[in-house]
Amino acid sequence: MEELVALAKRRGFIYPSSEIYGGLAAVYDYGHYGTLLKNNIQEAWWKNMVLTRRDVVGLDSAIFMHPMTWKASGHVDSFSDPQIDCRDCKYRMRADHLLEKFGYDVDRWPLDKINEILATLRTEGKLVCEHCGRKNLTDARDFNLLIKTNFGSPIGNLKDLAEEDIVYPRGETCQGIYLEYKNIIDSMRVKLPFGIAQVGKAFRNEIIAKQFIFRTREFEQMEMQYFLHPDDMDNKFEYWKNERMNWYITVLGISADKLRFKKHEKLAHYAKAAFDIEYNYACLGKFAEVEGIHQRGDWDLSRHAQFSGVKLDYFDQARNLRFTPHIMETSVGLNRLVLMVLDQALHTEKLENGKTRTVLSIKPSLAPVKVAIFPLQKDEKLLHVAEKLYDDVKMSLVTEFDDAGNIGKMYRRQDEIGTPYCVTVDYQTLEDNTVTIRERDTMKQERISLDSVNEVITKRIINS
Ligand code: GAP
């Protein structure tokens with residue numbers, strides 16, 4: 001983890017937020033390369049889940065929703081994690097994570113059960129604060145994850161909500177999808193079964209776990225809610241589980257042996273069945289959830305219909321039947337995918353000359369920069385050709401130009417940001433119009449014609 005965090009900062013991928021003020025726990029900023037990588041993963045998801053499908057439409061709903069949304073969804077009452085505090089240093093921990101370190105698989109255990117085990121560990125003298133090492137810990141209690149803020153003026157139609165102007169930055173993006181279900185049915189030519197997908201920020205009052213971007217208080221979700229008749233659920237559930245797993249392998253280039261499904265035995269308040277896709281994070285030293293695939297039944301639409309008083313059903317012509325559609329969702333954290341891609345890609349190699357190099361072997365289609373162009377030396381004639389090549393290529397591929405002059409250092413920098421191809425303009429270029437192209441992972445170099453750079457690299461990226 002330390003190596004990854006250091007590289008992410010040194011090379012402009014991810015910075016801790018508000019560092020000049022001492023930082024803000026579990027909040028991060030994305031630098032130039034981190035933003036490019038994150039956008040590439042997001043685009044790959046959007047293409048796969050929306051643009052290439054006839055049964056899924058897109059949405060970009062607002063972060064704020066009517067506060068009744070969160071009452072109806074169950075989040076105000078049951079969206080919580082078990083929290084435990086150190087009475088001495090005030091450090092806050094997740095009780096389930098603490099127990100996992102003792103080998104317990106805490107999957108939505110009730111508080112009583114958690115506190116029972118904690119009491120035994122306390123008696124045995126094993127229960128210590130992760131921060132100060134002292135033994136003065138509280139019992140576990142539920143800690144609601146919704147973040148609260150205020151609009152500053154009454155919102156209207158508040159029914160049972162006690163506080164007039166409280167709003168919640170959304171705790172999951174899918175609620176915006178349920179609230180737009182009716183508008184989408186009325187405005188788009190969708191027929192059951194169909195999906196609505198969106199990408200956007202979500203906010204949770206997470207108890208900090210120091211896992212870099214794996215668990216943050218502000219994060220991006222990519223969620224797809226698939227509406228269907230309950231008879232189709234089992235079929236579609238299996239279909240989407242396969243689709244999603246294949247996407248990791250074929251589109252993100254993740255090794256199949258680092259991925260697995262985990263079935264949830266205990267379910268969230270809305271779920272009828274749930275599987276996670278887990279990735280074996282080297283930086284965490286364990287398999288951990290990247291995506292959840294859930295059967296949500298008719299919980300969401302029924303509850304929003306009940307709380308809003310608006311009918312959210314569907315008339316199925318083929319079945320000649322009116323009913324509330326059931327929902328199957330795929331929900332993945334974009335930031336966890338960024339961490340996964342960096343985690344698999346980062347490695348250090350020993351070179352023949354005894355030196356080492358650090359490389360990010362990201363799949364070329366996802367790499368932040370596709371090609372770097374260098375003049376071999378700071379020579380006017382070489383610079384001229386290299387700059388012209390850069391101007392040609394930059395219009396179709398994310399391209400960098402570097403004329404620092406030390407070819408070894410330039411390669412090293414590009415290897416560390418995962419650039420799959422480097423092209424060098426040298427003195428032979430001036431004679432025969434060819435350049436050297438060097439491939440990141442094999443370090444093999446070959447000469448190709450100056451005019452073909454764009455085409456050759458584009459083809460290799462598409463086929464990667
Ligand atoms: N709509 C369902 C839902 O939100 P979830 O299991 O709570 O389900 C889905 O979250 C995904 O969102 C997770 O698999 C994870 O990738 C991501 N996620 C959840 N909490 C996160 C956090 N605090 N930081 C980063 N990603 C998070």
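If you read the sequence from its start, that first residue is 1, and numbering goes on from there. Numbering of ligands and ligand atoms starts at 1, following listing order.
The cationic group of Arg244 lies under 6.0 Å from the six-membered ring centre of Trp247 and within 45° of the ring axis, placing it in a cation-pi geometry.
Atom 19 (C) of ligand 1 has as its closest protein heavy atom Arg204 NH1, 3.4 Å. Glu329 OE2, 2.9 Å is the protein heavy atom nearest to atom 2 (C) of ligand 1. Shortest contact from atom 6 (O) of ligand 1 to any protein heavy atom: Glu289 OE2, 3.3 Å. Of the protein's non-hydrogen atoms, Arg336 NH1, 3.4 Å is the one closest to atom 15 (C) of ligand 1. Taking atom 25 (C) of ligand 1 as the reference point, the nearest protein heavy-atom neighbour is Phe214 O, 3.2 Å. The shortest contact between atom 18 (N) of ligand 1 and any protein heavy atom is with Phe219 CE1, 3.5 Å. Nearest protein neighbour of atom 24 (N) of ligand 1, counting heavy atoms only, is Thr216 N, 3.0 Å. Among protein heavy atoms, the minimum distance from atom 10 (O) of ligand 1 is reached at Gln221 NE2, 3.4 Å.
Closest of all the heavy-atom pairs between Ser18 and Asp29 is N-OD2, 4.3 Å.
Within the listing of ligand 1, atoms 14 (O) sit less than 4.0 angstrom from a heavy atom of Glu291. Which parts of ligand 1 touch Cys174 is read off a 4.0 Å heavy-atom cut-off, strictly below it: atoms 1 (N). Atoms of ligand 1 lying under 4.0 Å from at least one heavy atom of Gly292, given by number and element, are 14 (O). Every atom of ligand 1 is numbered from 1 in the order shown, and the set under 4.0 Å from a heavy atom of His294 is 8 (O). Against a heavy-atom cut-off of under 4.0 Å, Glu206 is close to the following atoms of ligand 1: 20 (N), 22 (C), 23 (N).
Ligand 1 lies within reach of Arg296, whose nearest heavy atom is under 4.0 Å from it. Contact annotation: Arg217 has no heavy atom less than 4.0 Å from any atom of ligand 1.
Here Val290 has backbone heavy atoms under 4.0 Å from ligand 1, and that is the only part of it that gets that close. Contacts with ligand 1 closer than 4.0 Å are made by side-chain heavy atoms of Glu172 only, the backbone lying farther away. Contacts of Glu223 with ligand 1, taken as heavy-atom pairs under 4.0 Å, involve the side chain alone. Within the 4.0 Å heavy-atom criterion, both parts of Ser331, backbone and side chain, lie near ligand 1.
The number of heavy atoms from other shown groups lying within 6.0 Å of CZ (Arg322) is above 12.
With contacts defined as side-chain heavy-atom distances shorter than 4.5 Å, the pair Asp234/Gln295 qualifies. Within the 4.5 Å cutoff, the side chain of Gln198 has no heavy atoms near those of the Cys174 side chain.
Atom CE of Met93 sits about 10.0 Å away from atom CD1 of Ile207, to the nearest 0.5 Å.
Side chains of Glu291 and Tyr248: a donor on one and an acceptor on the other come within 3.5 Å.
Of the listed residues (Tyr15, Phe212, Phe219), just one forms a ring pair (Phe, Tyr, Trp, His ring centres under 6.0 Å) with Tyr28, and that residue is Phe212. Results of the side chain to side chain contact (heavy atoms under 4.5 Å, CB included) test with Arg204 over Glu172, Glu218, Arg217 single out Glu172 as the only residue that passes. Just one of Phe151, Tyr168, Trp70 meets the ring pair (Phe, Tyr, Trp, His ring centres under 6.0 Å) condition when paired with Phe64; it is Phe151.
Counting only distance, with no hydrogens or angles, the side chain of Arg296 and the backbone of Gln225 share no donor-acceptor pair below 3.5 Å. Looking at Lys370, its side chain does come within 3.5 Å of a backbone N or O of Pro364 through a donor-acceptor pair.
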